[in-house]
Amino acid sequence: MSVTSLSRTFTLGDRTVKRLGYGAMQLAGPGVFGPPKDRDAALAVLREAVARGVDHIDTSDFYGPHVTNQIIREALHPYPNDLVIVTKISARRGADGSWIPAMSPAELTQAVHDNLRNLGLDVLDIVNLRSMYDVHGPAEGSIEAPLTVLAELQRKGLVRHIGLSNVTPTQIAEGRRLCEIVCVQNHYNVAHRSDDALIDDLARAGIAYVPYFPLGGFQPLQSSILSDVAARLGATPMQVALAWLLRRAPNILLIPGTSSVAHLRENLAAAELDLPDDVAKELDNVASLASA
Ligand SMILES: NC(=O)c1ccc[n+]([C@@H]2O[C@H](COP(=O)([O-])OP(=O)(O)OC[C@H]3O[C@@H](n4cnc5c(N)ncnc54)[C@H](OP(=O)(O)O)[C@@H]3O)[C@@H](O)[C@H]2O)c1
């Protein structure tokens, strides 16, 4: 199997998107708080992404807060017909930049309206409910109450599709009993593979899995295996990490984040990188070394 023999697209909600998209979180200021150092550079990254065929952008109104969505709107509105913008709700930012759960009906409703206003949309394509029982990773707890609020906003026509983020398999099962779930967004990459079984289950159910921190997030991936493989293939370690994810499962959609046009181009080129079977096996060792 190789990247080029895998499908380059997957269904997200009622749309078909390319498996390599873009995550906009890096466009806010340091710590995802406040404005970026260089607003024109942020606008340029978004315009370059769409010019290069990106049709799936991930965002949230709590990036900045508000800043990232306002930059997306300034760069891209009116949006191309084929662009799917996915946002997420259920947190707000403290004055110090902290991430505070915001899962009451009033806060969730406000968040949907904030996203609509700042993105300049009448309806949001996909809204992920991000579980906030633990800000840093999935933790058990019922999501019925907030998901019921989001499903009601969907019934009112403000949201087309619903996804979940930072969730456990139990929460996904609970969510699927309440409404259709089209995607799951959790922390996953070549070195962090807690969701291996979940990804395969979601693939069987036709649900997209969208790993956040595909390149390691705030601590970008560093591994001698990645570097060695990259040198042999004439690629960069980040491209190898993305190609490994594309090969990992057909329902994986990528949203690598960057504030740099050069990194964006490098990341999008990973769609063309073929990983032979033996190389993919070698890369499996990155996770075992990371957890050792
Ligand atoms: N649901 C959630 O809870 C959640 C949490 C976090 C993120 N997200 C979403 O997931 C998306 C992806 O996550 P992320 O942006 O945090 O992390 P990421 O994609 O794993 O990595 C981003 C980091 O890698 C660097 N980078 C990107 N391309 C590079 C390249 N080719 N070479 C070297 N460095 C490179 C970026 O710096 P430069 O800017 O310098 O390129 C940035 O520091 C976000 O944008 C956001 O939309 C969701």
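We count ligands from 1, going down the list as the structure has it; atoms in each ligand are counted the same way. Starting from 1, each residue takes its place in the sequence as its number.
A side-chain donor-acceptor contact under 3.5 Å links Arg93 to the backbone of Val32.
Each of Leu12, Asp14, Asp125, Ile181 was scored for a side chain to side chain contact (heavy atoms under 4.5 Å, CB included) with His161, with one residue passing: Asp14.
Look at Asp284 and Arg193 and you find a salt bridge, because one of the NZ, NE, NH1 or NH2 atoms lies within 4.0 Å of a carboxylate O, short of that distance. The pair Arg248-Asp200 meets the salt-bridge criterion, since a charged nitrogen lies less than 4.0 angstrom from a carboxylate oxygen. Using a 4.0 Å cut-off between a side-chain N of Lys or Arg and a carboxylate O of Asp or Glu, Asp114 and Arg117 qualify as a salt bridge. Salt bridge annotation for Glu144-Arg177: absent, with no cationic side-chain nitrogen under 4.0 angstrom from a carboxylate oxygen. A salt bridge is defined here as a Lys NZ or Arg NE, NH1 or NH2 lying under 4.0 Å from an Asp or Glu carboxylate O, and Lys88 with Asp61 fails to meet this definition.
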Audit row: Thr59, Asn69, side chain to side chain donor-acceptor pair (under 3.5 Å) steps and yes/no: CA-CA 7 Å; Thr59 184; Asn69 279 348; 2.7 Å; yes
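The protein atom (non-hydrogen) at minimum distance from atom 37 (O) of ligand 1 is His263 ND1, 4.5 Å. When hydrogens are left out, the protein atom nearest atom 11 (C) of ligand 1 is Ile255 O, 3.2 Å; that is the closest non-hydrogen contact. Of all protein heavy atoms, the one closest to atom 48 (C) of ligand 1 is Gln185 OE1, 2.9 Å. Of all protein heavy atoms, the one closest to atom 7 (C) of ligand 1 is Met25 SD, 3.6 Å. Taking atom 17 (O) of ligand 1 as the reference point, the nearest protein heavy-atom neighbour is Gly217 CA, 3.3 Å. Closest to atom 13 (O) of ligand 1 among all protein heavy atoms lies Phe213 N, 3.5 Å. Closest to atom 19 (O) of ligand 1, if we only count protein heavy atoms, is Gly257 N, 2.8 Å.
Taking all atoms of both residues into account, the shortest heavy-atom contact from Gly157 to Val123 is O-CG2, 3.5 Å. When all heavy atoms of Val54 and Leu20 are compared, the closest pair comes out as CG2-O, 4.3 Å.
The ring of Tyr188 has its center no closer than 6.0 angstrom to the ring center of Phe213.
Residues Ile252 and Leu164 fall within the same hydrophobic cluster, defined by Ile, Leu, Val, Met, Phe, Trp and Tyr side chains chained together at heavy-atom separations under 4.5 Å.
Looking at Asp58 next to ligand 1, an N or O pair under 3.5 Å apart turns up. Looking at Pro211 next to ligand 1, no N or O pair under 3.5 Å apart turns up. Considering backbone and side-chain atoms together, Pro220 places no N or O closer than 3.5 Å to any N or O of ligand 1. Residue Met238 has no N or O atom closer than 3.5 Å to an N or O atom of ligand 1.
Listed by atom number, the atoms of ligand 1 under 4.0 Å from Thr258 heavy atoms are 27 (C), 38 (P), 39 (O), 41 (O). Remark: ligand 1 atoms within the under-4.0 Å shell around heavy atoms of Ser165 are 1 (N), 2 (C), 3 (O). For ligand 1 and Pro256, the ligand atoms under 4.0 Å from any heavy atom of the residue are 19 (O). Near Gly216, meaning under 4.0 Å from one of its heavy atoms, ligand 1 places the atoms 20 (O). Listed by number with element, the atoms of ligand 1 under 4.0 Å from a non-hydrogen atom of Leu215 are 18 (P), 20 (O), 21 (O), 27 (C), 28 (N). Every atom of ligand 1 is numbered from 1 in the order shown, and the set under 4.0 Å from a heavy atom of Gln26 is 14 (P), 15 (O), 16 (O), 17 (O), 22 (C), 42 (C).
Below 30°, between 30° and 60°, or above 60°: for Phe62 and Trp99 the angle between ring planes is above 60°, a perpendicular geometry.
Contact annotation for Ala24 and ligand 1: only backbone heavy atoms (N, CA, C, O) come within less than 4.0 Å of the ligand. Contacts with ligand 1 closer than 4.0 Å are made by side-chain heavy atoms of Lys88 only, the backbone lying farther away. Within the 4.0 Å heavy-atom criterion, the part of Asn267 lying near ligand 1 is the side chain and not the backbone. With a 4.0 Å heavy-atom cut-off, ligand 1 is reached by the side chain of Arg130 but not by its N, CA, C or O.
Using 4.0 Å as the threshold, Asn166 has no heavy atom nearer than that to any atom of ligand 1. Phe218 does not count as a contact of ligand 1, since none of its heavy atoms falls under 4.0 Å from the ligand.
Inspection of the Thr258 and Gln26 side chains reveals no N or O donor paired with an N or O acceptor under 3.5 Å.
When Phe62, Tyr212, Tyr22, Trp99 are checked for heavy-atom proximity to atom 4 (C) of ligand 1, Tyr212 turns out nearest.
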